[in-house]
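Just the heavy atoms: all of them, side chains too, but no hydrogens, waters or symmetry mates, feed the values below. Lettering follows sequence order; numbering is per chain, from 1. Worth saying up front: this structure is predicted, and the values here are computed from it rather than measured.
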There are 2 protein chains.
Amino acid sequence: MATGRTHRPATRSRGIPEATVARLPLYLRALTALSERSVPTVSSEELAAAAGVNSAKLRKDFSYLGSYGTRGVGYDVEYLVYQISRELGLTQDWPVVIVGIGNLGAALANYGGFASRGFRVAALIDADPAMAGKPVAGIPVQHTDDLEKIIDENGVSIGVIATPAGAAQPVCDRLVAAGVTSILNFAPTVLSVPDGVDVRKVDLSIELQILAFHEQRKAGEEAEAQAGATAPAERENNGKGPDGDVPAVMPA
Amino acid sequence: MATGRTHRPATRSRGIPEATVARLPLYLRALTALSERSVPTVSSEELAAAAGVNSAKLRKDFSYLGSYGTRGVGYDVEYLVYQISRELGLTQDWPVVIVGIGNLGAALANYGGFASRGFRVAALIDADPAMAGKPVAGIPVQHTDDLEKIIDENGVSIGVIATPAGAAQPVCDRLVAAGVTSILNFAPTVLSVPDGVDVRKVDLSIELQILAFHEQRKAGEEAEAQAGATAPAERENNGKGPDGDVPAVMPA
DNA sequence: TGCTGTGAACATGTTCACAGCT
DNA sequence: AGCTGTGAACATGTTCACAGCA
């Protein structure tokens, strides 16, 4: 998914699996909480529980970063916090712009989790002239016209798109043209970007739909269990044919 | 993640891979757009492009649902829309509650993508008495005290948590106790739930951190390419110790 | 003794390439 | 001829189980 690029050929492996990268922030959060409670060391078992994964996975994940633990003891909390932060690139400052300051954009601007992790909201951008100058989360909203200038002056390489679906691709194109190489997209659209640009998508309704799928399956299992005995081999219809039950057409 | 549970032991397979389930909403969205433009059929190639995946994957995904295409022709748009909707459980109505009506909760309440997919926001719930009665997205906010009653009266099985991190687990417990079996969690916490309850997590800052990782890697590769020669085998620093920069503090 | 670190077995997911139907 | 549907090869991710170090 839009992510990988050329492998690191020379030097050492440095190939941290994508699945591991996705869990590092989780570990980091758990470790930060321990750090605040001044806990000096944790075992893989304890930390795994706090992060909601199993300990074998956690140890394997950490093994990709290096040998940061001590056998018979566990991991030094502060040291691990530092190593993971560095690995994730959080020891540097990442200026971020948020484009589209509606409900969601405002929520993102106010979200504390960004600032505390090295992300700095450098600017808020919206297409509505009425918004211009209005402060959101203490930051004045700027107009889309100045997008390129803003990106350039702040050295922004990460952009967040929280516009309506229709505006997302044009905004994306402008961000990329202005030099942004990583995009977090909240608009319900597939963005197309040139090679070398990473896109991650967060889609609220997709998550709900996945839940609905499992929810439905639970209900089905109950019914099945009640009915006793062998379930009726799944709606037979399946043989194909635009017949079957039910006409067609979606809600909308 | 948090999703799977006991495998279906008996009966027939009906095992749609999790990865496929996660893509069905994507296909559905692309198909709905085609449907609106009254396009009667699509090839796997076209649909795959619209959904941002490759065509082999799409065909494999559909093959788990059944043989819904026509060789030499493609897929009937309306028919597929219906089949996927049914598979995802979207042909039925899913009442949903949103707990925590801050910026994010309000954004969710206003989000059009829910209503258009069979999800109905049955209630908005917040702990702040000052919010009670205030309408958000046309729906009056109710107080947390009535949570159980609301769940019960509306037959809610899906809950969305958009509270601050600290409130998430208690809210989750109450939702589960009241009968909710699927939870979409926006709070930056690991929720623990009993068996049989599904949790999906959407974490804004985690996504940014993953982007930062790749962004950093890009920068590193450039530098390396410029500098030529072997990279300086990992910052030696930090022989352990509570030095480091390391910010700290949890989101909120 | 008690933990980490990791090879090896297993499970899941993706891609290829082509047989088979329309 | 043109497309779907799918076995088989491959790639990635997870879990097991234990060797090896503190």
Extract from the structure each pairing of a protein N or O with an N or O of nucleotides 17-22 of chain D at less than 3.5 Å, listing the distance.
{"unit_1": "dG20(D)", "atom_1": "N3", "unit_2": "R71(A)", "atom_2": "NH1", "d": "3.2"}

Worksheet, complete the sentence: To the nearest angstrom, the CG-C1' distance between L65(B) and dT4(D) comes to 14 Å
Worksheet item: Should I183(B) and V176(B) count as side-chain neighbours, where that means a heavy-atom distance under 4.5 Å?
Response: yes
Discussion item. Could you work out, with salt bridge (Lys or Arg N to Asp or Glu O under 4.0 Å) as the rule, every residue matching E215(B), not counting sequence neighbours?
Written reply: K218(B)
Worksheet item: Once you round it to whole Å, what is the distance between C1' of dT14(D) and CD1 of I16(A)?
Response: 18 Å
Worksheet entry | Any residue meeting salt bridge (Lys or Arg N to Asp or Glu O under 4.0 Å) with R29(B), in chain and number order, not counting sequence neighbours | D203(A)
Item to complete: Search all heavy atoms of L47(A) against all heavy atoms of A30(A) and return the closest pair with its distance.
Response: CD1-CB, 3.8 Å
Practice prompt. Please name all residues satisfying side-chain contact (heavy atoms from CB on, under 4.5 Å) with P170(A), sequence neighbours left out, ordered by chain then number.
Written response: none
Discussion item. Applying salt bridge (Lys or Arg N to Asp or Glu O under 4.0 Å) as the test, list every pair that has at least one member in residues 61-71 of chain B; sequence neighbours left out.
Written reply: R23(B)-D61(B)
Worksheet item: Separation of Y68(B) atom OH from dT6(D) atom P, in whole Å?
Response: 12 Å
Practice prompt. Could you tell me the separation between the CD atom of E45(A) and the P atom of dG2(C), rounded to a whole number of Å?
Written response: 14 Å
Item to complete: Please state how far atom CG in L80(B) lies from atom P in dC3(D), giving the value in whole angstrom units.
Response: 16 Å
Practice prompt. Assign Y75(B) to base, sugar-phosphate, or nothing according to its heavy-atom contacts below 4.0 angstrom with the strands shown.
Written response: sugar-phosphate
Worksheet entry | is_close_aromatic(F114(A), Y111(A)), centroid dist under 6.0 Å | yes
Worksheet entry | Between dG5(D) (P) and L58(B) (CG): distance, integer Å | 10 Å
Worksheet item: Contacts to DNA chain D from residues 46-55 of chain B, heavy-atom cutoff under 4.0 Å, which residues?
Response: none
Practice prompt. Please check if the distance between the ring centroids of F62(B) and Y75(B) is under 6.0 Å.
Written response: yes
Worksheet item: Any idea which of dG13(D), dT4(D), dT4(C) is nearest the S44(A) side chain?
Response: dT4(C)
Worksheet item: Where each residue is assigned the nucleotide of DNA chain D containing its nearest heavy atom, which of K60(A) and K60(B) is assigned the position nearer the 5′ end?
Response: K60(B)
Worksheet item: Using a cut-off of less than 4.0 Å, is there contact between a side-chain N or O of K57(B) and OP1 or OP2 of dT15(C)?
Response: yes
Discussion item. As an exercise, state the distance from CG of N54(A) to NZ of K60(A), rounded to the nearest 0.5 Å.
Written reply: 12.0 Å
Discussion item. Counting only side-chain nitrogens and oxygens, does S43(A) get under 4.0 Å of the OP1 or OP2 atom of dC3(C)?
Written reply: no
Item to complete: Look at Y64(B) and dT12(C) and indicate whether a side-chain polar atom (N or O) is within less than 4.0 Å of OP1 or OP2.
Response: no
Discussion item. From CZ of R23(B) over to P of dT12(C), roughly how many Å is that when rounded to an integer?
Written reply: 15 Å
